Amino acid sequence: MAQVITSYCKIKDQQVLLNGELVLAAPSGNADIHHFLRYTYEQLGCEYPRFFKMDALSKLCFCAAETMIPQSGIVNRTDAGDIALLFSNRQSSILSDKAHQETINDPWNFFPNPAVFVYTLPNIMVGEMCIRHQLTGDTTFLLSEGFDADMHHRYLDCLMQQGAAQAVISGWVEADENGYEAFLYMVEDSMVSAGLLPHTPGSLTALYHNSKILTYGNVD
Amino acid sequence: MSVCYVHTTNIVSNLGFTTAENFKAVLEGRSGLDMHAFDFDTQPFCTSVIDETKLDEAFTAVGGEGEYTKLGKMIFLSVESVRHELETDISSPDLLWILCTTKADINALADVDTEDEVLYPLVHKIEDHFSLYHKPMIISNACISGLQGLIAAQRLISEGAYRYVIITGADLVSTFTLSGFNAFKATSNDYCRPFDQARAGINLGEAAATIVLGKEPPLRKGDKIRLTAGAICNDATHISAPSRTGEGLYNAIQQVLAATGAEQDSIDFISAHGTATIYNDEMEACAFFRAGLDNVPMHSLKSYFGHTLGAAGVLESAMAMESLLENTFIPMKWFENSGVTHHISPILYPATQQMQRCLKTSSGFGGNNAVVLFEKC
Amino acid sequence: METLIETLKLQIIDELNLDHLDPAGIDPDAPLFNEGMGLDSIDALALVMLLEKYYGIKAPKGESMKPAFASLRTLATYIQEHQAVPAEG
């Protein structure tokens, strides 16, 4: 058995790519993250009113997961309790943290909003994914200054080798006032590895940095 | 999954700066919780806050110097305390440091503009001071962060990635978190009373706690503790409210029991999460009952330390290990009458008996539940 | 009353992250929770905050807000009954 990357999705610069192929591009002009996420949600065509309650980080992750998870068919192959989630980013829940901080800066005008505060934990994004896709396995959220392919690879390998998961949905999801990016990928054990992308730090680094260099079956 | 061994522990809280001091204080029935005023409310909040003068003295006494935040000093002190007990150099390539924190130096956000200032300067100071070989792993998974740190360490050690892992959990009492939990109507105006009829919510606390795990047993003589198994499961029902049936916690307990083959009646006690909110404690009691653990003596330590967020799992594990080694139960302070619908067996007295194993659980926002089994060997 | 209901709609949309809803499409008599506007337990807490922030009304601890939170109209009635200085003279 070999660990292979069976699917990946990237969202950046108003584009959504699945397995290296462009699946959605928002009309240029409005680069606002909220505007883009709403547009993407509508294009995805799913009915999920909870989406609107989420903060931008959770919405971004939702859009990437919604693009990748259903089409991958992973939930048909693997028990929901055997799929682990391993995520990381640099700035935690910065947008919600700032929004909450705004409400508590002035002791005389002090109205913290629970609907904002609940998103001041980066792992809520993962919790939202668990609810949406009914995943009940192990979940991890890490912080690091950049996407750490070695740490991701090592810990994901641990999860699978130690029997904590049969498959892992992993990624880097970051959103702040200057921009946003989501990189999600899925690792499973496979009997055949020919033509499939091996799960190595090198593959992760390549996929994270390049949106189009690797596609299945044919290399551009 | 192979076992790993506990080499040493430390707790920095307002009850003391070593595990032994904290254990002694708790057995004397002392709680670190007290009423503290915050500028945003006319009512004081019951919290466990570390005295900065005492912290400064201890920080300087162990050679700490330079610009450290309060949280930085707590972490420094905790890591420095375990450094002497290590069987290898702290800068060895065999060693990884894991930091578990929910909000780090979040107070800084009132003055700065980026989250970078909230976490990374502190991490770099510790990394540089101790000349750590590997980039630290930083876990931020709400209230299970601490216990997850231990589980992650065990997995990494089992896979042969490292021989030693130092796990530090640390969080502050901040206006940021206190105001949020208060907006959630989850804070109690009085001392928190886990699992009690009169429980009315959380008290927040601050602490740094550290546990060192190793691949082999420590060389020192006497009883030792090993981490036999750990598991993490998600409820997948709600982002803040726990599952009514304790589904995720129940699943995690089942996985740990199955992995170790431990019978319910061989477990001497459970160190529960027990935040003293209505829903959390009810959920835990339900999960323990479903797992056939309702006759196992149990406690929550929140009435001594408050809810120390990312530190809780490490701090409470260190206390549980001390309890095992000293063969002494830690009673649940301020508990009078059970306020959960399922049967529980709360620990009421610091009774002594030979003990072998205990279960430690944590649950948190995001639907997470973590369970670990510790055994004496 | 009707003005208060319209103001409430905008405040709820803003504080409870319901930007996708059109104020004109919200029925003041429809249930706020579950099948109606689809609010949940966190929204209930946000409504408590909203009452304090905009109307100076502190919801008493331990008292159920369920009757007041039934619909926009019951909420508006609750505000009128509990506000020290009513917003609409």
Side-chain angles (χ1 to χ4, degrees), chain A residues 54 58 80-81 84-85 88 90-94 97-98 100-101 103-108 110-114 116-128 130-145 148 150-151 154-155 157-159 161-164 176-177, chain B residues 1-2 38-41 99 101-104 106 109-110 113-116 118-120 123 135 137-142 144-145 148 151-152 154-156 158-159 161 175-177 179-185 231-240 247-248 251 255 259 364-368:
Chain A
M54 298 177 192
S58 294
L85 299 169
S88 67
R90 175 187 176 104
Q91 296 216 74
S92 183
S93 45
I94 184 68
D97 287 5
K98 281 188 175 180
H100 176 62
Q101 185 65 43
T103 68
I104 60 169
N105 274 333
D106 179 2
W108 299 103
F110 196 91
F111 296 104
N113 184 343
V116 173
F117 178 68
V118 71
Y119 287 99
T120 65
L121 292 162
N123 67 295
I124 296 297
M125 167 192 109
V126 179
E128 291 283 14
C130 289
I131 297 170
R132 169 62 173 165
H133 300 282
Q134 282 302 295
L135 305 174
T136 55
D138 190 299
T139 64
T140 307
F141 202 97
L142 306 174
L143 297 171
S144 64
E145 287 171 280
D148 187 340
D150 287 320
M151 181 63 87
R154 189 174 306 119
Y155 196 62
D157 182 50
C158 273
L159 286 166
Q161 299 284 354
Q162 299 282 310
D176 66 16
E177 279 153 349
Chain B
M1 194 188 297
S2 49
F38 289 83
D39 67 0
F40 65 87
D41 206 314
L99 175 65
T101 183
T102 62
K103 295 313 302 173
I106 193 67
L109 201 64
D113 213 30
T114 104
E115 196 95 21
D116 285 3
V118 170
L119 175 66
Y120 299 108
V123 171
K135 239 189 294 178
M137 181 176 187
I138 305 165
I139 298 180
S140 190
N141 209 5
I144 73 156
S145 299
Q148 177 157 41
I151 295 170
Q154 186 210 18
R155 288 173 180 159
L156 289 162
S158 296
E159 277 301 298
T175 297
F176 188 99
T177 46
S179 65
F181 279 108
N182 196 41
F184 250 87
K185 307 292 172 207
I232 293 168
C233 292
N234 200 283
D235 289 333
T237 50
H238 197 275
I239 51 169
S240 60
E247 203 61 26
N251 287 335
Q255 285 183 16
F365 274 16
N368 288 319

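Predicted, not measured: the structure shown is a model, and the values here were computed from it. We name chains A, B, ... by the order of the sequence lines, and we start the count at 1 in each one. Heavy-atom basis, side chains included; hydrogens, waters and symmetry copies ignored.
Rounding to the nearest 0.5 Å places CD1 of A:Ile104 at 11.5 Å from CG of B:Asn182. One distance of note links CG of A:Leu143 with OG1 of B:Thr101; it measures 8.5 Å at 0.5 Å rounding. Atom OG1 of A:Thr140 is separated from atom CD1 of B:Ile232 by 5.5 Å, given to the nearest 0.5 angstrom. Between the CZ atom in B:Arg155 and the CD atom in A:Gln162 there is a gap of 7.5 Å [rounded to 0.5 Å]. Taken to the nearest 0.5 Å, the CD1 atom of B:Ile138 stands 7.5 Å off from the CD atom of A:Glu145. Of the inter-residue distances, the one linking A:Ile131 atom CD1 with B:Asn234 atom CG reads 7.5 Å to the nearest 0.5 angstrom.
The candidate with the highest count of non-hydrogen atom pairs below 4.5 Å against chain A, out of B:Ser145, B:Gly367, B:Gly180, is B:Gly180. Of the residues considered (A:Gly163, A:Cys158, A:Ala80, A:Gly81), A:Cys158 shows the highest number of contacts with chain B, using heavy-atom pairs under 4.5 Å. Listed options B:Ala231, B:Ser140, B:Ala152, B:Ala142 were ranked by heavy-atom pairs under 4.5 angstrom with chain A; first place goes to B:Ser140. Chain A forms the most heavy-atom pairs under 4.5 Å with one residue out of B:Asn141, B:Thr175, B:Val123, B:Leu156, and that residue is B:Asn141. No other option in B:Asp116, B:Asp41, B:Asp39, B:Thr102 has as many heavy-atom pairs under 4.5 Å with chain A as B:Asp116. Annotation: maximal heavy-atom pairing with chain A below 4.5 Å, among B:Phe184, B:Phe40, B:Tyr120, occurs at B:Tyr120. Counting heavy-atom pairs closer than 4.5 Å to chain B, the top residue among A:Thr136, A:Asp150, A:Asp157, A:Thr120 is A:Thr136. By number of non-hydrogen pairs under 4.5 angstrom with chain B, the leading residue of A:Gly127, A:Ala84, A:Pro114, A:Pro107 is A:Pro114. The greatest number of non-hydrogen atom pairs below 4.5 Å with chain A, out of B:Ser240, B:Ala110, B:Gly364, B:Ala104, is found for B:Ala110.
Shown here for A:Pro112 and B:Ala183, the closest heavy-atom pair between the two residues is O-CB, 3.6 Å. What you find for A:Gln134 and B:Ala236 is that their closest heavy atoms are NE2-O, 3.0 Å. Nearest heavy-atom pair across B:Gly366 and A:Ile124 is N-CD1, 3.6 Å.
Looking at A:Ser144, only its backbone comes within 4.5 Å of chain B, counting heavy atoms on both sides. Residue A:Tyr119 touches chain B through its side chain alone, counting heavy-atom pairs closer than 4.5 Å. With a threshold of 4.5 angstrom between heavy atoms, B:Leu119 approaches chain A through side-chain atoms but not through N, CA, C or O. Proximity to chain B is absent for every atom of A:Ser88, based on heavy atoms less than 4.5 angstrom apart. Using a 4.5 Å cut-off between heavy atoms, B:Thr237 touches chain A through its backbone atoms (N, CA, C, O) alone.
Taking the side chain as every heavy atom from C-beta outward, A:Val118 and B:Phe365 approach each other to under 4.5 Å. Using a 4.5 Å heavy-atom threshold, the side chains of B:Leu109 and A:Ile94 count as touching. The side-chain heavy atoms of B:Ile139 and A:Leu142, taken from C-beta on, include a pair separated by under 4.5 Å. Side-chain contact check for A:Asp148 versus B:Lys135: some heavy-atom pair is nearer than 4.5 Å. Contact check for A:Asp138 versus B:Gln148: side-chain heavy atoms found under the 4.5 Å cut-off. Side-chain contact between A:Ser93 and B:Lys103 is present, with heavy atoms from C-beta onward closer than 4.5 Å. When side chains are defined from C-beta on, B:Ile106 does not count as touching A:His100, because their heavy atoms never get closer than 4.5 Å.
Ring-plane geometry between A:Phe117 and B:Phe181 is classed as perpendicular, the angle between the planes exceeding 60 degrees on a 0 to 90 degree scale with a lower cut at 30.
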